[in-house]
Amino acid sequence: MSLLRIEGLTRRFGGLVAVDDVSLDIPADGLSAIIGPNGAGKTTLFNMISGFMPPSAGSVHFDGQKISGLPPESIARRGLIRTFQLVQLFEGLTVLENVKVGCHLHTRGGLLAALMPLSRARAEEASVEVTARRLVEETGLATQAGTYAAVLPYGQKRLLEITRALAARPKLLLLDEPAAGLNRQETDALAILLRRIVAEGTAILLIEHDMNLVMNVADRIAVLDFGRLIAKGKPDEVRRNPDVIAAYLGTQEAARA
Ligand SMILES: Nc1ncnc2c1ncn2[C@@H]1O[C@H](COP(=O)(O)OP(=O)(O)OP(=O)(O)O)[C@@H](O)[C@H]1O
């Protein structure tokens with residue numbers, strides 16, 4: 001059974017159909033990627049999957065349950081965690097504190113924590129600390145644990161966003177252009193990290209413009225063009241697909257005109 005099932009998903013903005021009747025199954029393992037030229041509808045699709053935008057039509061099921069119509073926090077609590085195209089961190093918190101915020105999705109927090117016996121609240125906090133330290137170690141941010149997010153170099157901000165998302169213990173991690181703004185070396189390191197996350201059992205669904213990265217890391221690729229799903233398959237199949245080549249050549253020709 002697929003982990004994420006998208007059926008007939010559609011989003012209109014006035015007369016524009018940004019996502020047009022897309023159906024797609026994402027399995028519970030491996031790395032799936034969605035590619036497509038600028039404006040193809042990738043982010044709009046992500047926004048609908050993660051509850052940030054209601055669909056005009058269609059449905060999304062996650063882990064066997066319907067999630068379309070639920071608010072983003074409720075979808076996140078079920079294990080579907082996303083990052084954004086533009087990095088969104090708590091700039092005034094340190095690296096470790098940012099990761100702890102991710103961990104707190106599954107702790108009681110807030111008023112309930114205040115009502116808990118102190119010993120239990122302390123034990124929970126200690127376990128969050130251990131998890132957060134382990135995660136910054138794994139993603140290579142340990143030496144920056146005490147640094148404020150605001151002053152991190154851009155590549156490490158992107159890494160921190162992924163680390164914080166991992167702290168929320170996703171079953172499926174949605175990454176919106178994680179390589180945007182990274183240099184080649186940082187992108188290579190990202191590829192290794194993504195493969196490690198998948199090997200450790202977390203499925204990833206990725207939107208990405210960097211074709212080298214996608215072709216290197218993806219187990220399967222779906223291609224959107226003008227809101228429609230025009231191809232899906234293994235990287236080699238997609239790379240050779242005439243509709244995909246035409247969609248990308250079309251964009252290059254439009255840019256030259
Ligand atoms: N809130 C909105 N209101 C109106 N139109 C929108 C809105 N969001 C997106 N669109 C339009 O919907 C289409 C799909 O946009 P979307 O951002 O989903 O594409 P994308 O594939 O993610 O593009 P990119 O690769 O450039 O990020 C575009 O034509 C865009 O202008």
Side-chain angles (χ1 to χ4, degrees), residues 29-38 40 42-43 46 81-103 131-170 172-224 234-236 238-239 244 248 251-252 255:
D29 62 347
L31 195 148
S32 311
I34 298 177
I35 63 169
N38 286 330
K42 305 178 293 294
T43 297
F46 256 33
I81 306 289
R82 78 170 286 185
T83 66
F84 291 85
Q85 206 166 345
L86 299 173
V87 177
Q88 296 194 2
L89 293 168
F90 300 106
E91 301 262 328
L93 299 183
T94 65
V95 165
L96 196 71
E97 286 163 349
N98 266 279
V99 180
K100 284 181 176 180
V101 171
C103 296
T131 306
R133 291 216 175 262
R134 177 178 53 77
L135 283 167
V136 292
E137 198 74 51
E138 281 174 14
T139 56
L141 284 172
T143 52
Q144 257 77 26
T147 306
Y148 283 104
V151 298
L152 282 182
Y154 184 76
Q156 293 190 336
K157 284 189 178 181
R158 285 237 162 247
L159 208 51
L160 176 54
E161 227 195 357
I162 296 176
T163 313
R164 190 183 54 187
L166 283 175
R169 286 192 259 136
L172 179 64
L173 186 57
L174 260 55
L175 301 176
D176 194 346
E177 292 197 35
L182 300 190
N183 63 33
R184 183 44 49 200
Q185 210 181 352
E186 290 167 333
T187 306
D188 289 345
L190 175 70
I192 293 169
L193 174 64
L194 297 183
R195 286 312 314 176
R196 214 174 65 218
I197 293 170
V198 163
E200 283 168 8
T202 303
I204 293 179
L205 177 61
L206 173 86
I207 295 177
E208 187 50 65
H209 277 289
D210 184 326
M211 269 324 136
N212 274 331
L213 176 68
V214 172
M215 292 295 165
N216 271 333
V217 300
D219 296 302
R220 54 196 86 86
I221 299 176
V223 190
L224 286 183
K234 296 203 169 76
D236 268 347
V238 164
R239 200 200 307 260
V244 176
Y248 275 94
T251 342
Q252 282 170 17

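- Looking at every heavy atom in both residues, Leu224 comes nearest to Ala40 through O-CB, 3.5 Å.
- In this structure, Asp188 CG and Arg184 CZ are separated by 5.5 Å, a value rounded to the nearest 0.5 Å.
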side-chain contact (heavy atoms from CB on, under 4.5 Å) assessment of Val217 paired with Leu206: CA-CA 10 Å; Val217 300; Leu206 173 86; 4.3 Å; yes

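- In this structure, Glu138 pairs ionically with Arg134, as a charged nitrogen and a carboxylate oxygen lie closer than 4.0 Å.
- When all heavy atoms of Ala33 and Ala218 are compared, the closest pair comes out as CB-CB, 4.0 Å.
- Tested against Arg164 for a side-chain contact (heavy atoms from CB on, under 4.5 Å), the candidates Leu89, Ile81, Thr83 yield a single pass: Leu89.
- Taking every heavy atom of both residues into account, Pro37 and Lys42 meet most closely at O-NZ, 3.1 Å.
- The CD1 atom of Ile34 sits 11.5 Å away from atom CG of Leu175, with the distance rounded to the nearest 0.5 Å.
- Interatomic distance, CD1 of Ile162 versus CG of Leu173, reported as 7.0 Å (0.5 Å rounding).
- Distance OG1/Thr139 to CG/Leu159: 5.0 Å, rounded to 0.5 Å.
- Heavy-atom contacts from other residues, nucleotides or ligands closer than 6.0 Å to CD of Glu91 number more than 12.
- Here the CG-CG distance, from Leu160 to Leu152, works out to 6.0 Å after rounding to the nearest 0.5 Å.
- Geometrically, Arg82 engages Phe84 in a cation-pi contact defined by less than 6.0 Å to the ring centre and at most 45° from the axis.
- When Arg158, Gln156, Lys157 are each tested for a side-chain hydrogen bond (donor to acceptor under 3.5 Å, both in side chains) with Tyr154, only one passes: Arg158.
- When all heavy atoms of Phe90 and Ala149 are compared, the pair lying nearest together is O-CB, 3.6 Å.
- Glu161 places a side-chain N or O within donor-acceptor distance of the main-chain N or O of Gln88, the cut-off being under 3.5 Å.
- Taking CG from Leu193 and CG from Leu166, the interatomic distance works out to 7.0 Å, rounded to the nearest 0.5 Å.
- A 4.5 Å side-chain heavy-atom check between Asp219 and Arg195 finds at least one atom pair inside the cut-off.
- Heavy atoms only, all atoms of each residue included: Pro170 and Ala165 are closest at CD-O, 3.4 Å.
- Closest heavy-atom contact between Ala167 and Val99: CB-O, 3.4 Å.
- Side-chain atoms of Tyr148 never come within 3.5 Å of backbone atoms of Val95 as a donor-acceptor pair (strictly under, hydrogens ignored).
- Sorted by first then second residue, the side chain to side chain donor-acceptor pair (under 3.5 Å) pairs that include residues 199-208, not counting sequence neighbours, number zero.
- When the side chain to side chain contact (heavy atoms under 4.5 Å, CB included) test is applied to Thr43, the partners found at least two apart in sequence or on another chain are Asn47, Gln85, Asp176, Ile207.
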